[in-house]
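Proteins come first, then strands; the chains are lettered A, B, ... in the order of their sequence lines, and each starts at number 1.
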Amino acid sequence: MTDVQSYYGRPVLKEPTWMWEIPTYLFTGGVAGASSVVSLSAKLFGNEELSRRTLYIGAAADVVNPMLLISDLGRPERFHHMLRVFKVTSPMNIGAWVLFVNGGASTTAAALELLGILKPVKLLAELVSFLFGPPLATYTGVLVADTAIPVWHEARQELPWLFGASATASAGAAACIFCPPASAGPARRLAVGGVVAEGLLMHAMHLRLGETGEVYRRGAAGAFSTAAKVMASSGALMLARRGRRSRGAAVLGGALVCAGELCLRFAVHHAGKQSARDPKYVVKPQRERATRDGTRATTRPHESAASASPGT
Amino acid sequence: MKLRRLIASWPVVHQLKNGDRLALGPAVKSQRSHTLKPRIHDADHVVQSICPYCAVGCGQLVYVRDGEVTHIEGDPASPISRGRLCPKGQASKSYVQSPLREYKVKYRRPYGTRWEELDLETAMDMIADRVIETRAATWQAETEGGNPANRTLAIGNLGGATLDNEENYLIKKLMTALGVVQVENQARI
Amino acid sequence: MSTLLGQEPTGVPDGHEAYGDEQQPRVGFFTDTSVCIGCKACEVACKEWNLIPQDGQAWTGHSYDNTGELSANTWRHVAFIEQEKPLRTNDDGTTALRWLMESDVCKHCTHAACLDVCPTGALFRTEFGTVVVQEDICNGCGYCVPACPFGVLDKRDIPSTANVGHQPDLLPIFGKKEDGRVWKCTLCYDRLKGGHEPACAQACPTKSIQFGPLDELHARADERLAKLEAEGWNGAQLYLRDPEDGIGGAGAFFLLLDEPEVYGLPPDPVVTTKHLGSMWRNMARAAAVLTVAIVGACARD
Amino acid sequence: MPGLGTSFGRGGATTFQQDLQNSDCIVIMGSNMAENHPVGFQWVMEARERGAEVIHVDPRFTRTSAMATKWVGIRAGSDIAFLGGIANYLLQNDLYFEEYVKHYTNAPVIIREEFTDTEELDGLFSGWDPEQGTYDVRQWMYEGMEVHGSGGDPEAGFKATKGEQSGHGGHGGGLRYGEPPSEDPDLKHPRCVFQILKRHFQRYTPELVAETCGCSADDFVAVCEALVRNSGRERTSAFCYAVGWTQHTVGVQLIRACTIVQQLLGNIGRPGGGILALRGHASIQGSTDIPTLYNILPGYLSMPHTEAYGDFETFMKANRSPTGWWGHYDAYWVSLMKAYFGEHATDENDWLFKKLPRIDDDNSMYWTLEQMLAGNVKGYLIAGENPAVGNANGKANRLALAKLDWLVVRDLVEIESASFWYDSPEIESGELKTDQIGTEVFFMPASAHTEKDGSFTNTQRLLQWHWQATEPPQDCRSDLWFYFHLGRRIKQKLADSKDDRDDLITALRWEYPTHTQIREPSAEAVLAEISGWEVESGRFLPAYKELKPDGSTACGCWIYCGVYADGVNQAARKKPHWEQDYVAAEWAWAWPANRRLIYNRASADPDGKPWSERKQYVWWNGEKWTGLDVPDFEETKEPGYVPPDDAEAEAAIAGDHPFIMQADGRSWLYVPQGLEDGPLPTHYEPHESPFDNPLYGQRANPARQQHKNAGWDPYNPVDGEPGSELYPHVFTTYRLTEHHTAGGMTRSVPYLAELQPAMFCEVSPELAEEAGLEHGGWATIYTARSAIEARVLVTERMKPLVVQGRKTHQIGLPYHWGTRLLTQGDSANDLVHAALDPNVHIMETKAATCGIRPGRRPRGAALTEFVAELRDQAHSRREMSPRAESEESRKTAPS
């Protein structure tokens with residue numbers, strides 16, 4: 001896009017400083033969130049096997065989650081500052097609270113399950129984690145969208161859904177790996193359904209992003225999103241076709257879907273970095289909007305009188 | 001008790017109590033932010049100085065604490081600079097405290113391949129001797145033409161444009177008395 | 001974040017009013033590039049005062065700009081743009097050549113995304129209406145970095161220097177060598193508290209950087225713009241002066257002589273949290289659907 | 001600078017920075033004020049905001065040009081053609097300020113018949129001696145004026161006063177009662193200065209200016225018109241210059257050209273007018289007033305020459321001007337000797353005159369350099385200067401240091417001049433070997449300005465005191481400490497010497513109170529001595545008027561007399577500007593006599609009335625002179641005062657003659673004595689130039705100093721000589737805002753090093769195209785002296801110029817870099833030759849020729865070979881057909 005002016009081609013925005021931990025957390029967080037829902041629902045409909053396994057899976061993920069987040073901090077010893085405030089304007093702060101509650105609940109429940117004591121408390125914990133699971137699985141979409149990175153911000157409508165679907169798929173797939181096929185029916189349905197839904201949402205997102213979305217076809221983001229598509233769909237296919245009969249297929253399919261979902265999160269992560277790197281993704285849409293709707297960011301001489309408006 | 005204080009200091013409590021519901025302002029102010037003040041307020045004394053770089057002659061305020069310069073900024077009282085400084089003048093503190101600044105006499109003996117340490121007093125004494133010896137050895141009482149010369153052409157002194165008037169005065173006074181005529185500074189170059 | 005409570009953006013800085021009688025008049029910078037001589041005194045004054053570490057010695061070849069951008073270690077950045085355009089439209093055109101210089105800085109937005117998204121309250125709105133990172137609170141989560149529409153904030157990746165209060169790592173396993181915190185212009189919060197103007201504004205030889213109560217600066221800027229128009233200056237325009245713009249106007253606004261993007265500034269920035277309300281609602285829907293889907297999937301056994 | 005001195009009487013800026021805000025037009029030429037004096041530039045911006053026109057005339061489009069209302073690009077070294085063109089424009093079109101010119105300048109004065117102008121002699125003035133390569137300046141005298149000793153009478157054994165010392169009107173010759181013997185008030189006489197001037201510049205037409213400078217005739221005329229528009233009774237224009245004018249083989253004459261323009265426009269001594277010399281170092285003005293220079297003593301008194309003076313009386317007679325304030329030369333001299341030697345200097349022993357050291361015609365920096373290379377200089381002390389990087393022909397300077405027996409370097413950091421013996425480029429090239437260098441080196445860490453009391457004299461003659469803030473750390477000491485204790489030790493060691501040569505040492509007054517355990521001498525005590533006192537009573541003197549020739553007063557620098565009046569450190573006055581008017585007379589102290597805008601009598605018309613309401617400054621109120629400033633005139637001398645026939649000294653200055661340091665009280669359009677290379681500025685090409693002189697057969701300044709046949713200073717072939725095509729481009733060197741001079745004070749500062757972290761060259765896109773240079777890549781620039789490498793900055797701000805119908809490229813080179821400190825790079829001064837201005841022996845860093853090619857320079861011995869190869873190639877081509885012009889037939893042995 002040569003028609004875009006810039007300052008020596010330098011980026012207007014700063015690249016996210018997040019490292020590998022964050023996209024990994026986007027995945028594990030999703031697994032944790034969705035699993036806690038699966039766990040209680042399965043119990044509700046009498047699938048104790050699935051319920052117990054997914055409870056453990058969710059708890060395991062919830063143990064990993066804070067470690068990932070803390071290790072990404074510039075000053076890890078200050079991780080607890082996250083709970084210094086309660087800020088509805090900060091998806092990360094809200095996320096921290098959600099993770100705190102959900103993690104606490106699911107791990108408590110898992111522990112009590114393991115020891116087989118305090119049934120009522122465990123049930124309460126499971127309920128809490130059931131309630132906080134869905135937000136945990138989807139808030140990360142808002143977290144990423146609530147930035148100035150064009151490829152993220154412009155996808156704010158789709159991202160929570162996309163991440164939700166991905167979470168569902170990965171939770172289901174994970175369950176397929178650890179659960180005997182007989183009792184893993186719902187998990188297979190979730191895995192396959194999640195992957196399908198996610199495919200549709202991806203398409204919708206690209207339609208909305210247009211030129212801004214081209215980063216998903218370039219560089220690291222491109223590689224990861226292709227990998228994501230291939231692995232997730234092939235895994236889903238395998239689960240759908242042979243998941244019920246062969247344990248091996250279930251494990252492999254589940255693993256493939258999980259890997260695919262992990263790649264999806266890395267694709268989004270890198271798309272963000274690449275989108276920040278090139279000024280055209282910032283300048284062009286803004287310039288177009290400015291010329292279309294007229295901008296108030298700049299005040300031309302003839303407007304100067306008018307712009308001396310109240311509120312200053 | 002301690003716990004109560006801890007809870008009281010919890011910003012979330014301030015959020016709910018003091019009207020900063022979104023926790024964007026006073027509620028989240030840290031202890032440091034509350035007690036923060038400019039370090040020049042801790043200075044033992046402030047000195048009015050003049051920038052050492054170009055000849056515009058900007059006024060400087062030098063803030064000192066515990067015998068160390070803690071900050072240098074423009075002197076608003078100066079009718080020339082009105083408190084403003086260029087990047088060089090602004091960096092005067094970093095100049096005075098440069099990581100490369102030398103604090104010790106360094107001595108290189110003839111044909112030596114490295115610097116050696118030398119005590120300041122000894123160095124001064126050696127330099128005095130060099131001047132006296134060179135002067136004695138190369139003294140020119142008269143020119144070939146038999147006109148008075150009263151000088152040595154074997155010693156020179158360079159520099160002055162970056163020095164104080166008082167320093168230049170002593171240099172010229174001493175060199176004239178010594179018969180050293182090759183006294184020059186940047187004004188020439 | 002007033003928009004979250006369903007209000008439209010206004011010129012009133014979020015969080016400022018919460019100070020009650022502690023509240024001071026909102027102050028800021030008016031940076032008038034038509035008198036900037038590109039001396040970089042502001043860059044050095046800022047570093048000297050705030051004890052900011054050196055930022056590396058890379059020669060860029062981008063005119064006289066070897067600083068490049070605002071960063072954790074550069075809170076004032078002078079941009080240099082060489083153009084084959086006359087400075088004044090009424091020039092005889094003999095020298096169709098101009099050298100634009102602009103000292104960039106944190107905008108101290110009225111609606112500041114960095115402030116909104118900071119999960120720890122390290123970023124806060126001061127009693128002066130400015131936006132400051134509290135170095136004793138910031139835990140380096142880095143969320144404000146991509147949130148800023150101007151690319152101002154950044155993480156300091158170099159070892160912590162003596163002058164910045166660096167605590168020993170409480171968690172050795174996660175311990176890091178780097179400073180790891182996010183840094184940006186504080187509009188010299190400590191100097192303001194002591195009744196001094198910010199270091200850069202005091203240093204500026206030509207008063208291209210003007211500090212003061214924001215409404216005074218607005219009046220001055222409008223006057224200035226009118227004067228430049230009368231003198232036929234090429235492309236003169238105010239940037240982020242209008243409280244109706246995407247960030248509700250800035251505490252640090254500019255008089256530019258060309259389009260913002262020429263200086264590396266976004267032409268029409270919008271506070272990233274503007275749509276946060278709808279985003280939350282959207283997320284709630286997604287969460288609900290997810291729940292239903294999962295329950296449904298389990299029910300079919 | 002004698003450029004200002006010979007024209008007006010004092011070698012300092014005629015105005016002060018704050019007064020620029022009153023200008024209606026400011027021409028900045030030979031200066032990049034916005035970059036090198038940014039804070040002073042605020043006053044230019046003030047003026048611009050008030051509607052003043054700001055014009056920048058410069059080879060490069062700089063940060064100053066960016067702020068100017070008009071920029072005119074010219075060829076480096078063509079400034080005299082430009083300024084002469086302005087003078088011609090004013091004279092031909094009768095646009096000069098007639099009343100001012102008639103009364104205040106020497107325009108009406110008639111010059112003796114022998115004088116012949118460059119117009120007749122094809123670029124030479126009368127009196128040229130091709131053998132000596134000097135002028136007999138007597139032929140330039142006022143008609144009927146007896147030649148005065150220091151005016152240059154070889155028979156009497158005197159050299160013409162010149163250099164810094166001539167900066168004082170050249171003592172005006174033997175004028176009776178201040179009036180020249182013959183003059184024509186109507187300016188009609190063919191030999192009157194006005195007519196001579198008119199003829200001298202008649203061919204400097206806009207077309208010629210355009211052809212010589214490479215600018216358009218329209219741009220040039222636009223500048224003339226702007227100046228005319230903004231001069232006269234109601235309006236004033238100012239000029240600002242810096243070393244862009246001084247560092248030429250015609251440096252002094254360049255400034256002279258400006259003084260002529262400002263005199264014709266009537267802009268001297270008036271608010272918003274004047275000529276502001278922008279000095280580059282904190283106290284460079286001070287180091288000339290109180291000189292660390294070979295040829296003068298404090299207050300611009302002459303150092304005695306080796307020529308036979310006979311006794312003290314003859315010397316005095318030779319130096320004392322009968323008229324003007326130099327009529328008290330003996331008082332200034334004797335007071336200085338009393339300050340130097342106290343009771344030892346007596347009337348009986350002629351104030352020790354016979355004992356004083358004598359100088360030769362030239363003992364300047366570059367002469368010393370030559371002596372060092374020849375091994376004749378044994379010891380050298382360097383204080384706060386970095387010749388290894390800052391001097392022209394850096395290689396020669398470094399090789400010279402290696403010839404010394406002992407060297408003392410005083411600085412805050414280890415600069416290149418201290419480290420040459422192990423890390424200079426010559427070590428790299430093998431020309432020097434560490435273990436073969438016999439120089440004993442003492443590096444003495446120096447105190448910073450915050451660690452000592454003292455005064456700087458800034459660019460506007462203002463003495464400003466800086467107080468000590470902290471104690472100097474460890475071995476760091478002030479230069480005051482160093483020289484005081486060095487002197488003390490030497491005095492001690494020679495205390496009982498009977499040797500004649502030690503008489504002055506024994507006689508030397510060297511008692512200053514010291515404080516703290518390091519025994520730092522009191523700077524204020526030294527300042528007090530500079531200011532002076534009455535010997536008997538010890539009363540501090542209020543002004544130089546009170547100095548006596550009878551030994552009853554002591555004063556270390558007569559022009560600074562009064563800076564310690566009433567025992568108060570006047571330089572330390574710090575009354576805030578908001579408590580006084582813009583002249584700020586109570587902030588510090590300016591010489592002379594705290595006058596801020598000198599020659600300010602000229603701000604009023606001959607009758608003493610302000611030229612206009614708008615431009616009033618100092619005026620006659622019926623009883624005395626009064627106004628915003630200290631009148632630069634006897635307070636009660638009436639405008640109508642006519643000196644009686646027997647009048648001497650200041651009494652001989654008429655009431656309508658504002659230039660009281662001049663023997664005739666007028667500013668000098670034409671300088672009859674005091675300059676080596678002509679009474680009027682003439683356009684000469686730079687010593688090295690790709691062009692011929694379009695005006696005269698004489699190509700370059702005939703009187704310039706060259707080191708002919710000197711292996712250490714080879715020159716590029718010039719226009720017309722084969723071989724010149726190897727060095728086809730013009731280069732000019734300069735400073736950047738982010739660094740200071742040779743870098744010793746800035747390359748050591750991290751915050752500055754990062755702002756300009758590499759040596760670079762500025763070239764036009766056209767040159768880049770032609771030479772195959774790549775933006776951001778490397779280039780090698782070479783002359784007959786050396787070759788350096790630099791990063792390439794291709795920029796539209798550099799424009800190729802069409803000169804004499806030929807396209808020429810200019811290359812810009814900042815000169816801050818050296819082999820050491822935080823940011824390192826090649827030194828531009830390694831390329832510069834050491835041909836000098838004849839008056840002040842300053843080198844031509846601002847215009848010379850060079851070649852450029854892409855890529856980095858050869859390393860090690862290959863570098864010397866590379867340079868020598870090109871040089872020999874060029875010179876061998878020249879040998880085949882040397883330039884016809886005799887003065888150019890120099891041979892240069894490859895070093």
Side-chain angles (χ1 to χ4, degrees), chain A residues 5-8 10 12-14 16-18 37-38 41-42 45 47 70-71 73-78 81-82 84-85 89-90 92-93 96 134-135 138 142 145-149 156 160-161 164 168 185-186 189-190 282-283 286-287 289-290 295-301 304 307-308 311-312, chain C residues 1 4 10-11 62 69 79 116-121 137 139-143 145-147 149 151 154-155 169-171 174 180-181 215 218 222 225-226 229 237-239 241-245 261-264 266-268 272-273 275-276 279 282-283 286-287 290-291 294-295 297-299 301:
Chain A
Q5 301 188 82
S6 77
Y7 184 67
Y8 301 101
R10 286 178 167 279
V12 171
L13 303 175
K14 288 279 184 297
T17 54
W18 294 329
V37 182
V38 176
S41 320
F45 298 100
N47 188 337
I70 292 171
S71 109
L73 293 177
R75 296 248 57 83
E77 75 278 10
R78 293 183 179 177
H81 288 187
M82 289 287 188
R84 225 180 131 248
V85 287
T89 62
S90 170
M92 187 181 280
N93 175 269
T138 49
V142 181
D146 189 24
T147 62
I149 309 297
R156 54 186 177 276
W161 296 87
T168 316
R189 282 193 288 277
L190 289 172
V282 179
V283 174
Q286 288 193 21
R287 178 49 63 193
R289 186 175 66 228
T295 175
R296 307 299 304 267
T298 57
T299 315
R300 309 270 168 184
S304 64
S307 68
T312 59
Chain C
M1 202 3 263
L4 190 72
T10 69
H62 298 158
E69 60 187 11
D116 289 339
V117 303
C118 175
T120 62
I137 303 298
N139 67 4
C141 75
Y143 196 15
V145 175
D154 203 1
K155 216 186 244 189
D169 301 335
L170 301 173
L171 290 177
F174 293 128
R181 287 169 295 181
D215 39 14
H218 281 155
D222 296 338
L225 185 62
E229 187 190 24
Q237 55 191 287
L238 294 175
Y239 179 62
R241 177 249 177 278
D242 189 341
E244 306 297 316
D245 67 25
E261 54 265 46
V262 171
Y263 297 88
D268 190 26
T272 47
T273 44
H275 312 100
L276 186 53
M279 286 193 247
N282 182 33
M283 182 209 89
L290 173 136
T291 320
I294 294 177
V295 176
C298 299
D301 269 10

Let's test your reading of the structure: which of [options] forms the most heavy-atom pairs below 4.5 Å with chain A?
{"options": "C/C118, C/P149, C/G121", "answer": "C/C118"}
{"options": "C/I137, C/T291, C/N139", "answer": "C/N139"}
{"options": "C/D154, C/T272, C/D268", "answer": "C/D268"}
{"options": "C/P146, C/A287, C/A147", "answer": "C/P146"}
{"options": "C/G180, C/G151, C/P119, C/G140", "answer": "C/P119"}

Would you say the side chain of [Y] lies within less than 4.5 Å of the side chain of [X], judging by non-hydrogen atoms?
{"X": "C/K155", "Y": "A/K14", "result": "no"}
{"X": "C/M283", "Y": "A/P135", "result": "yes"}
{"X": "A/V283", "Y": "C/P267", "result": "yes"}
{"X": "C/V295", "Y": "A/F45", "result": "yes"}

What part of [X] gets within 4.5 angstrom of chain C, counting heavy atoms only: side chain, backbone, both, or neither?
{"X": "A/A96", "value": "neither"}
{"X": "A/W161", "value": "both"}
{"X": "A/R10", "value": "side chain"}

- Sort C/L290 into side chain, backbone, both or neither according to what part of it lies under 4.5 angstrom from a heavy atom of chain A.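 Just the side chain, heavy atoms under 4.5 Å.
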- Query: Of all of A/V37, A/V12, A/T168, A/V38, which one pairs up most often with chain C through heavy atoms under 4.5 Å apart?
  - Reply: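 If we count pairs closer than 4.5 Å to chain C, A/V12 comes out on top.
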Looking at [atom1] of [X] and [atom2] of [Y], how far apart are the two atoms once the value is rounded to the nearest 0.5 Å?
{"X": "C/L238", "Y": "A/T299", "atom1": "CG", "atom2": "OG1", "answer": "5.0 Å"}
{"X": "C/I294", "Y": "A/L190", "atom1": "CD1", "atom2": "CG", "answer": "5.5 Å"}
{"X": "A/R78", "Y": "C/R181", "atom1": "CZ", "atom2": "CZ", "answer": "5.0 Å"}

- Nearest heavy-atom pair of C/G142 and A/T17: which atoms, and what distance?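 Closest heavy-atom pair between C/G142 and A/T17: CA-OG1, 3.8 Å.
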- Residues C/V145, A/T147; criterion side-chain contact (heavy atoms from CB on, under 4.5 Å); working and verdict: CA-CA 9 Å; C/V145 175; A/T147 62; over 6 Å; no
- Message: Determine whether A/R156 and C/N282 satisfy the following criterion, side-chain contact (heavy atoms from CB on, under 4.5 Å), listing intermediate values before the conclusion.
- Response: CA-CA 9 Å; A/R156 54 186 177 276; C/N282 182 33; over 6 Å; no
- Under the side-chain contact (heavy atoms from CB on, under 4.5 Å) rule, what do A/D146 and C/Y143 come out as? Steps first, then yes or no, please. CA-CA 10 Å; A/D146 189 24; C/Y143 196 15; 3.5 Å; yes
